[in-house]
Amino acid sequence: MRIGVLGTGNMAEALAAHWVRAGHNVVVGGRDVRKAERLATRLGGSAKPAGLRAAAEFGQVVLAALPFGVGASVARELRAPLHGKVLIDCSNPIGPGFQLLTQSGLSAARQLAAAAPGTHVVKAFNLCHEDVWRMSPPVFDGRPLAVPVCGDDETALALVHQLVRHAGCEPVAGGGLERAGLLEATAALFIGLWVGEGADAQAIAPPLAYAAGPRDVEPGVA
């Protein structure tokens, strides 16, 4: 698969590393091509550096590894080369006090879609710190990390599910792009619990067998 990466930061490096190892052709794009060159060198393999537009033109799938507030403006600037492409949004619109910055409007993912009409935006990879994505693979207690994925186009979703698996994780169907805001709100809640409170956010959910209550579960069976 041809993958364009918009951005040269931590998320760009963490995710692209998995895809280079999986044998995909990756072009790293940045406004500062020297940073793109340094990242491509660290990634090795097929990775090559370029500017943002060249990365967008190259990719069958394009990762927008950009901060909230930057992503939409870059997508608007690159709307022509992004047309018809799959655009993965991994950003989190979270501000001081772990507050969601999109409470009164569109989610970050839908802002990208509005900025680049004709692009198939998919929300994924936003719930974990970049160091989790650097794990090879992200497996906990023998279970691969599950990655919720939201989008409207079935072909785009299938490609992103493949890339989730190539990062050593398991994709979870999260619904259409209208549900991306729920993923972003979940990230705000979890980060607030993890970082703000030092709480184990994973412990707030019961096992799947108990999700609808324990009435259908045999005594002593978890």
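Numbers here simply count residues along the sequence, with the first being 1.
- With respect to the salt-bridge test (charged N to carboxylate O, under 4.0 angstrom), the residues Glu184 and Lys123 qualify.
- Between the side chain of Arg143 and the backbone N or O of Phe140, no donor-acceptor pair lies under 3.5 Å.
- Expressed to the nearest 0.5 Å, how far OG of Ser46 lies from CH2 of Trp19 amounts to 12.0 Å.
- Residues Leu112 and Leu163 fall into different hydrophobic clusters, defined by Ile, Leu, Val, Met, Phe, Trp and Tyr side chains chained together at heavy-atom separations under 4.5 Å.
- Closest non-hydrogen pair, Val132 versus Pro138, comes out as O-CG, 3.6 Å.
- Taking CG of Leu183 as the start and CZ of Phe125 as the end, the distance is 12.0 Å to the nearest 0.5 Å.
- Looking at Leu177 and Arg110, their side chains come closer than 4.5 Å, going by heavy atoms from C-beta outward.
- Contact annotation: the side chain of His166 never approaches that of Arg21 to less than 4.5 Å [non-hydrogen atoms, C-beta and beyond].
- In this structure, the side chain of Arg76 does not engage the main chain of Ala115 through any donor-acceptor pair within 3.5 Å.
- Asn126 places no side-chain N or O within 3.5 Å of a backbone atom of Asn92 that could act as its donor or acceptor partner.
- Leu82 and Leu159 fall into different hydrophobic clusters, where Ile, Leu, Val, Met, Phe, Trp and Tyr residues are linked whenever their side-chain heavy atoms come under 4.5 Å apart, directly or through other members.
- A single hydrophobic cluster is seen to contain both Met1 and Leu43, as judged by linkage of ILVMFWY side chains at heavy-atom distances under 4.5 Å, directly or through other members.
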Side chain to side chain contact (heavy atoms under 4.5 Å, CB included) evaluation trace for Leu52 with Arg31: CA-CA 6 Å; Leu52 290 173; Arg31 290 200 188 281; 3.4 Å; yes

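- In this structure, Gln111 contributes its side chain and Leu106 its backbone to a donor-acceptor pair below 3.5 Å.
- Looking at Val195, Leu193, Leu189 one by one, the single match for side chain to side chain contact (heavy atoms under 4.5 Å, CB included) with Ile191 turns out to be Val195.
- Using modelled atom types, no side-chain atom of Thr8 and backbone atom of Gly30 make a donor-acceptor pair closer than 3.5 Å.
- Among all heavy-atom pairs drawn from Arg53 and Leu78, the shortest one is CA-CD2, 3.7 Å.
- The NZ atom of Lys48 sits 11.5 Å away from the OG1 atom of Thr41 when rounded to the nearest 0.5 Å.
- No continuous path of hydrophobic side-chain contacts links Val70 to Val28 [ILVMFWY only; heavy atoms under 4.5 Å].
- By the criterion of side-chain heavy atoms lying less than 4.5 angstrom apart, applied directly or through intervening Ile, Leu, Val, Met, Phe, Trp or Tyr residues, Leu63 is grouped together with Met135 in one hydrophobic cluster.
- The neighbour count for Leu208 CG, taken as heavy atoms of other residues, nucleotides or ligands under 6.0 Å away, does not exceed 12.
- Shortest non-hydrogen contact noted between Gly168 and Pro144 is O-CB, 3.6 Å.
- For the pair Asp152 and Gly176, the tightest heavy-atom approach, listed with the atom from each and the gap, is OD1-CA, 3.3 Å.
- Side-chain atoms of Trp133 and Asn10, non-hydrogen and from C-beta on, never get closer than 4.5 Å to each other.
- Between the His129 side chain and the Asp131 main chain, a donor and an acceptor come within less than 3.5 Å of each other.
- Here the straight-line distance linking atom SG of Cys169 with atom NE2 of His18 works out to 6.5 Å at 0.5 Å rounding.
- Across Gly45 and Val20, no two heavy atoms sit closer than the pair CA-CG1, 4.0 Å.
- Between the CG atom in Leu101 and the CD1 atom in Ile94 there is a gap of 8.0 Å [rounded to 0.5 Å].
- Atom CG of Leu6 sits about 7.0 Å away from atom CG of Leu87, to the nearest 0.5 Å.
- The shortest non-hydrogen separation linking Cys90 to Ala64 is SG-O, 3.8 Å.
- Heavy-atom neighbours of Arg179 CZ from other residues, nucleotides or ligands within 6.0 Å: at or below the threshold of 12.
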